[in-house]
Asks: 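My questions all concern the structure below.
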Amino acid sequence: MIARHTLTYVGSRGVAAALNMGALAVFTRLAPPDVFGLYLLILSWALVLYSATCQWPKFSFFALYAEDRAVAQVGTVVRLLGAMVGLAALIAAGAAGLGLFAPHAALAIFAAVFGMMAFEGAAEIARTRLEVGAVALSVVLRAVLVLALGSSALLLGGGAIPLLLATAGANLIAALPTLYVIRRLLRGGGSWTEARRLLAYGWPLVLSFGAAALAQTADRLVIGASIGVSELGAYGAFADFLRQSFVVFGDSVALALISIAKRDARDGGIAAARPVLEDAIRLLTLIAAFGAVFFLAFDGVLVTLLLGPDYRETALRVAPLLVAASILQMFRSYYFGQVIYFTQKSQLDAVASLTLLVAIGGLSALLIPRYGVEGAAIAMATGQALACLVFIVGSRERFRMPVPLRDLAAIAGLALACAVVIAGLDRLPLDPGLALGLRLTCLAAVSAGTAWAFNILGVADLAARRFGRTAS
């Protein structure tokens, strides 16, 4: 089941990532950097508002889920999400009333929040109940709709606001498959007892998710305010491209392996979850190590293919720093940060989020005016590293996420050796097309061999069983 669930999630996220990269390529060719930068700036505020209001109920639900109380828990979390999106509407309206946002921008921000709430809330309930197929379908459907609706909005002459409304509509429609599989649970009533449980666990998450979202967007907000939305468009486009790669696959690991580990811990104690968690960090390290080799070895080709010409020079300047920041974010969010679901205490997440906010916000304010987008990338990487360290150090006295250091060092070493070979091939006097093919083949062979050697997701066992049956 572990391999099937993980491969389903990774496969769907991989398809979605490819579609999202296609959307990024289309958007950056249809929209100039200032328009795309304005879209990213408004989206950043929507993410902050969503995270501060609508995220904590669904994560509290995942942490406290019990099969025998499923109907009451789902009914309660749906009502809490409804109340939180109502609060988001009041905040957006208040911001417009105070003149902080134009009314049409505030409406677009609320529409984005509502779409994210519907999609993420339904997906969280479905993935907690291990409804793998429905979640995977929703993920792919959203990517298809973002590309289709977003491109249509830009082709029809729309700017940043229509593009944001298009993505909000994509979220709403893509929620339908997961809403369908949990439809019976949605008919259940709420429970004050469950609401108190969810709130007791989740109140620190209100602070931590709001702080984390503000931290994750602080670099963009400072760029937009100090050096302009055109630079933000190029910086944000490449950062989002990397997010589709590292963070999306990290999310797949969390959706599959962390969900299974949580179930194992619930049924058999923390020790029962350890093997699955060790598999999870091996897989994340494989993605991080060979992903870094891929992006740093082929960054010129990727940027040329995926981004419009006005975006490329800025993207190449910040590529190494943003790769490091994306890898650290993946480990923070989708492995070490998952410790809160095994300790039944969420205060550590608040500490990590505040650390993230102070580090990224402070360094962005100091570095961006002087160093531009390079300063933003330094701030992001440093903040992610410090927040990751908070989870590692802060969980020592409770449950610690396992770290098989020897295996992780070996995976990193193999990736480094692969990078050296690829660099050597690049210096040989070969036809450019042949050299590119050899470098990609080397990367594919070494990464696949590493996955086999460490039996990532049980691929070696699965192949042995299949070949054994064939031989017999």
Side-chain angles (χ1 to χ4, degrees), residues 21 24 27-28 31-49 51 160 210-248 250 288 291-292 295-296 299-300 302-303 306-308 310-333 352-390:
M21 289 175 189
L24 187 63
F27 295 168
T28 58
D34 58 335
V35 171
F36 194 71
L38 181 59
Y39 160 74
L40 292 177
L41 188 62
I42 300 172
L43 178 61
S44 295
W45 284 115
L47 288 168
V48 171
L49 181 57
S51 299
L214 190 56
Q216 299 282 48
T217 56
D219 56 338
R220 301 182 181 206
L221 299 176
V222 175
I223 291 172
S226 61
I227 59 177
V229 290
S230 292
E231 283 285 278
L232 172 59
Y235 172 87
F238 191 66
D240 287 347
F241 161 60
L242 289 172
R243 183 176 291 113
Q244 294 304 322
S245 307
F246 289 111
V247 174
V248 164
F295 286 115
L296 296 178
D299 56 349
L302 293 169
V303 168
L306 290 168
L307 301 182
D310 295 336
Y311 295 74
R312 291 170 188 163
E313 188 269 334
T314 298
L316 288 172
R317 287 195 342 249
V318 297
L321 290 166
L322 285 179
V323 167
S326 297
I327 289 172
L328 289 166
Q329 181 183 355
M330 179 180 71
F331 279 110
R332 177 189 67 82
S333 298
S353 296
L354 287 173
T355 302
L356 189 70
L357 176 59
V358 171
I360 295 178
L363 288 173
S364 293
L366 288 172
L367 298 177
I368 290 174
R370 184 171 181 180
Y371 299 106
V373 290
E374 289 92 339
I378 292 170
M380 181 62 71
T382 304
Q384 297 292 350
L386 291 174
C388 200
L389 192 61
V390 167

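If you read the sequence from its start, that first residue is 1, and numbering goes on from there.
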Asks: When rounded to the nearest 0.5 angstrom, what is the spacing between CD in Q384 and CD1 in I360?
Replies: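 Here the interatomic distance stands at 5.0 Å.
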
Asks: How close do A237 and T28 get, heavy atom to heavy atom, and via which atoms?
Replies: CB-CG2, 4.0 Å

Asks: Can you name the nearest heavy-atom pair linking A160 to I42, along with the distance?
Replies: CB-CD1, 4.5 Å

Asks: Nearest 0.5 Å, please: how far is CG in L322 from OH in Y235?
Replies: 5.0 Å

Asks: Within the distance-only criterion (no hydrogens, no angle test), does the side chain of T217 pair as donor or acceptor with the backbone N or O of L214 below 3.5 angstrom?
Replies: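 Looks like yes, one N/O pair under 3.5 Å.
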
Asks: Let me confirm one number: the CZ-OG distance from R332 to S353, rounded to the nearest 0.5 Å.
Replies: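 Rounded to the nearest 0.5 Å, the CZ-OG separation comes to 6.5 Å.
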
Asks: To the nearest 0.5 Å, what is the distance between CG (L41) and CG (D34)?
Replies: 12.0 Å

Asks: Any idea which heavy atoms bring R220 and A239 closest together, and the distance?
Replies: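 Nearest heavy atoms, R220 then A239: NH2-CB, 3.7 Å.
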
Asks: So which heavy atom on A387 is nearest to which on L356, and how close?
Replies: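 Smallest interatomic distance, heavy atoms only, reads CB-CD1, 3.9 Å.
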
Asks: Report the distance from atom CG of D299 to atom CG of L242, rounding to the nearest 0.5 Å.
Replies: 10.0 Å

Asks: Between CG of D219 and OG of S44, what distance do you get to the nearest 0.5 Å?
Replies: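 It comes to 8.0 Å.
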
Asks: Is there a side-chain contact between F238 and L302 (heavy atoms, below 4.5 Å)?
Replies: no

Asks: Return the minimal non-hydrogen interatomic distance between L328 and A385, and the atom names on each side.
Replies: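 Distance-wise, the nearest heavy atoms are CD1-CB, 3.9 Å.
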
Asks: Does the side chain of L49 come within less than 4.5 Å of W45's, by heavy atoms?
Replies: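 Not touching, per the 4.5 Å side-chain cut-off.
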
Asks: Using side-chain heavy atoms (C-beta onward) and a distance below 4.5 Å, is I223 in contact with V373?
Replies: yes

Asks: On a heavy-atom basis, which atom in I368 and which in G375 lie closest, and how many Å separate them?
Replies: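 It is CG1-C, 4.2 Å.
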
Asks: Is there a ring-ring contact (aromatic ring centres under 6.0 Å, His included) between F295 and F246 once you walk through the steps?
Replies: CA-CA 11 Å; F295 286 115; F246 289 111; 5.3 Å; yes

